[in-house]
Amino acid sequence: MKEYLPIGSVVLLKNSSKRVMIAGFMQKQKESGRIWDYSACLYPEGIIHPDQLYLFDADQIDQIYFIGFQDKEGLDFLDRLSHYREGKNDEGSVSGKVTGPDPE
């Protein structure tokens with residue numbers, strides 16, 4: 001089962017020099033319909049514009065700087081999300097690309 005980082009976690013993505021903060025999970029890319037593990041905004045700037053969210057998968061995380069807020073409600077949600085995701089077929093998706101504005 002895939003484990004997700006909680007909302008508010010701050011990570012550095014591979015081949016990037018700017019950190020991002022996780023803001024959502026299982027985000028569907030409008031143009032392709034592909035579902036990504038996470039959406040994030042620049043850290044520390046935050047969401048400046050909704051069109052500037054980054055979409056990425058867990059395997060693109062190079063380093064974790066901070067693990068976000070955790071409580072029973074959030075942990076229960078992440079557990080349900082992990083179980084739901086395991087049942088999904090991600091066939092035909094393109095992996096290894098970060099979408100959104102250049103994080104540098």
Side-chain angles (χ1 to χ4, degrees):
M1 176 170 35
K2 180 181 284 190
E3 296 292 329
Y4 286 87
L5 291 167
I7 295 286
S9 295
V10 178
V11 301
L12 180 67
L13 302 176
K14 294 176 183 172
N15 301 314
S16 182
S17 60
K18 181 74 173 155
R19 293 178 287 180
V20 295
M21 183 178 68
I22 294 172
F25 310 100
M26 289 184 61
Q27 300 294 302
K28 188 174 191 177
Q29 188 173 13
K30 188 176 184 177
E31 297 81 21
S32 69
R34 185 194 192 294
I35 296 176
W36 298 85
D37 290 339
Y38 296 104
S39 64
C41 57
L42 292 175
Y43 177 83
E45 293 88 340
I47 299 173
I48 297 170
H49 192 277
D51 291 339
Q52 294 180 334
L53 287 177
Y54 297 89
L55 303 176
F56 62 95
D57 286 325
D59 63 357
Q60 293 174 269
I61 297 172
D62 186 43
Q63 189 170 358
I64 299 171
Y65 284 87
F66 177 78
I67 295 179
F69 180 72
Q70 299 178 73
D71 65 0
K72 182 172 179 2
E73 181 181 15
L75 293 172
D76 288 346
F77 174 79
L78 292 178
D79 186 53
R80 287 192 313 273
L81 182 66
S82 294
H83 283 93
Y84 176 79
R85 180 67 179 187
E86 288 301 312
K88 285 300 209 181
N89 181 0
D90 207 19
E91 187 175 306
S93 64
V94 178
S95 64
K97 299 209 177 185
V98 178
T99 63
D102 183 1
E104 297 182 319

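From a predicted model like this one, the values you see are computed outputs, not experimental measurements.
To the nearest 0.5 angstrom, Ser16 atom OG is 7.5 Å from Tyr54 atom OH. Here the CD1 atom belonging to Ile67 is positioned 14.0 Å from the CD1 atom belonging to Ile7, to the nearest 0.5 angstrom. To the nearest 0.5 angstrom, Asp62 atom CG is 11.0 Å from Gln60 atom CD. For the atom pair CG of Leu5 and OH of Tyr38, the computed distance is 4.0 Å after rounding to the nearest 0.5 Å.
Residue Leu75 qualifies as enclosed at atom CG: its count of foreign heavy atoms under 6.0 Å is above 12.
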side-chain contact (heavy atoms from CB on, under 4.5 Å) evaluation trace for Cys41 with Val20: CA-CA 5 Å; Cys41 57; Val20 295; over 6 Å; no

Worked check of side-chain contact (heavy atoms from CB on, under 4.5 Å) between Tyr43 and Val11: CA-CA 9 Å; Tyr43 177 83; Val11 301; over 6 Å; no

Derivation and outcome, salt bridge (charged side-chain N to carboxylate O under 4.0 Å, His left out), residues Lys72 and Asp76: CA-CA 6 Å; Lys72 182 172 179 2; Asp76 288 346; 2.8 Å; yes

Step-by-step side-chain contact (heavy atoms from CB on, under 4.5 Å) determination, Met26 to Tyr4: CA-CA 10 Å; Met26 289 184 61; Tyr4 286 87; 4.0 Å; yes

Full working for side-chain contact (heavy atoms from CB on, under 4.5 Å) between Glu45 and Lys18: CA-CA 11 Å; Glu45 293 88 340; Lys18 181 74 173 155; 3.1 Å; yes

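Phe66 and Ile61 are assigned to two separate hydrophobic clusters, defined by single-linkage of ILVMFWY side chains at heavy-atom distances under 4.5 Å. Under the 4.5 Å side-chain heavy-atom criterion for grouping Ile, Leu, Val, Met, Phe, Trp and Tyr, Met21 is not connected to Phe77 through any hydrophobic cluster.
Side-chain atoms of Ser9 never come within 3.5 Å of backbone atoms of Ile22 as a donor-acceptor pair (strictly under, hydrogens ignored). A donor-acceptor pair under 3.5 Å links the side-chain atoms of Asp57 to the main chain of Asp37, judged by distance alone. Under a 3.5 Å cut-off, the side chain of Gln27 and the backbone N or O of Phe25 do form a donor-acceptor pair.
A heavy-atom distance below 4.5 Å is found between the side chains of Pro6 and Leu78.
Residues satisfying the side chain to side chain contact (heavy atoms under 4.5 Å, CB included) criterion with Tyr65, sequence neighbours excluded, are Val10, Leu12, Arg19, Gln63.
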